[in-house]
Amino acid sequence: MASSAQQEAAGKGKSKMSKHIKHGYHLLEGKMGHAMEDYVFAQFKEVGDNELGLFAIFDGHLSREVPNFLRSHLFDNILNQPNFWTEPESAIRRAYRITDSTILEKASELGKGGSTAVTAILINGKKLVVANVGDSRAVICKNGTAKQLSVDHEPQREKKVIEDRGGFVSNFPGDVPRVDGQLAVARAFGDKSLKEHLSSEPDVVTDAIDETTEFLILASDGIWKVMTNQEAVNCIRGITDPISAAKHLNKEAVSRKSSDDISCIVVRFN
């Protein structure tokens, strides 16, 4: 971590199977008056004759413990599912549910807060499986065009489901919609006090990596509050080094007055 008042961290890695696939990440503490609550996971892992690229952004709220727990356990839970290689989407959904149940059981030690998550698993450099709960986002660039792979789980969008569970969505002037007047996302890990009205079910999508695929961005909402998907893609398309791209994207978000914690992973394919 940097020794300045505003902490930041960065890292990088590359595939052994596909030498042209590289990743870089950068985290930048916001100006919200609390300790950094974003965590990232980014590494390539060899599993037998296969290689997995494992990437995730965990954005905590009222918690550093929950996103840190996710960073340590979520991918292990996914890969331990017996059907991961045959039905990765199903395995991911089950692992998300198991992980959330564990977090709720450990609420006394992990605290009352929660975390959003967006995960991306790159299988042998050819298949990408993205899942998310909350508003951290995955955006892929193909031939210069941005395509969002995740779903922003906004309370207003899921108002009926929340109300059917006995909750409500507030719409106070000057504020964003919130579940029970508190949380600005409709899905998250943890948040035991709200879980009766809150889902941890992920949206899961699969995408093929081909010759048109340039790079993938995973980022917390500190970027997406101030930038569209296409603006983010345009911002870093000319930067071939992924760690430089991640840093540049975060600094651009700050220049656009983003005050939240910001975390970003860029995976470059060619």
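What's counted below: heavy atoms across the whole structure, side chains too, no hydrogens, waters or symmetry copies. Position 1 is the first residue of the sequence; numbering continues from there.
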Check ion pair Lys16-Glu51 (N to O, under 4.0 angstrom): no
Salt bridge flag under 4.0 Å for residues Lys22 and Asp241: no
Regarding Arg256 and Glu252, does a basic nitrogen lie under 4.0 Å from an acidic carboxylate oxygen? yes
State plainly whether the residues Glu158 and Arg187 are in salt-bridge range, i.e. N to O under 4.0 Å. yes
If we ignore hydrogens and angles and just use 3.5 Å, is the side chain of Asn132 paired with the main-chain N or O of Val151 as donor and acceptor? yes
Is the distance between the ring centroids of Phe55 and Phe75 less than 6.0 Å? no
For this output row, return yes or no: ring centroids of Phe58 and Phe189 closer than 6.0 angstrom. no
Are the charged groups of Glu214 and Arg237 less than 4.0 angstrom apart, N to O? yes
Whether the side chain of Ser258 engages the backbone of Gly222 through a donor-acceptor N/O pair (distance < 3.5 Å, no angle test) should be reported. yes
Residues, nucleotides or ligands: over 12 heavy atoms within 6.0 Å of Arg94 CZ: no
Looking at Lys195 and Asp100, is there a salt bridge between them, counting it only when a charged N and a carboxylate O are closer than 4.0 Å? yes
Are His23 and Phe44 near enough that their ring centres are under 6.0 Å apart? yes
State whether Arg137 and Asp59 are salt-bridged, where the test is any N-O pair (Lys NZ or Arg NE/NH1/NH2 against Asp/Glu carboxylate O) under 4.0 Å. no
Is a donor on one side and an acceptor on the other found under 3.5 Å between the side chain of Asn80 and the backbone of Asp76? yes
Side chain Ser18, main chain Gly125, donor-acceptor under 3.5 Å: no
Could you tell me whether the side chain of Ser199 and the main chain of Glu201 form a donor-acceptor pair under 3.5 Å? yes
Take Asn77 and Gln81 through the test side chain to side chain donor-acceptor pair (under 3.5 Å) and record every step on the way to the result. CA-CA 7 Å; Asn77 286 346; Gln81 297 304 308; over 6 Å; no
Neighbour count >12 (heavy atoms, 6.0 Å) for atom NZ, Lys14: no
Is it true that a side-chain atom of Trp224 and a backbone atom of Asn229 form a donor plus acceptor pair closer than 3.5 Å? no
Chi angles and distances behind the side chain to side chain donor-acceptor pair (under 3.5 Å) call for Ser63, Glu37: CA-CA 7 Å; Ser63 177; Glu37 294 177 335; over 6 Å; no
Measure from the side-chain N and O atoms of Thr213 to the backbone N and O of Asp210, and report whether any donor-acceptor pair falls under 3.5 Å. yes
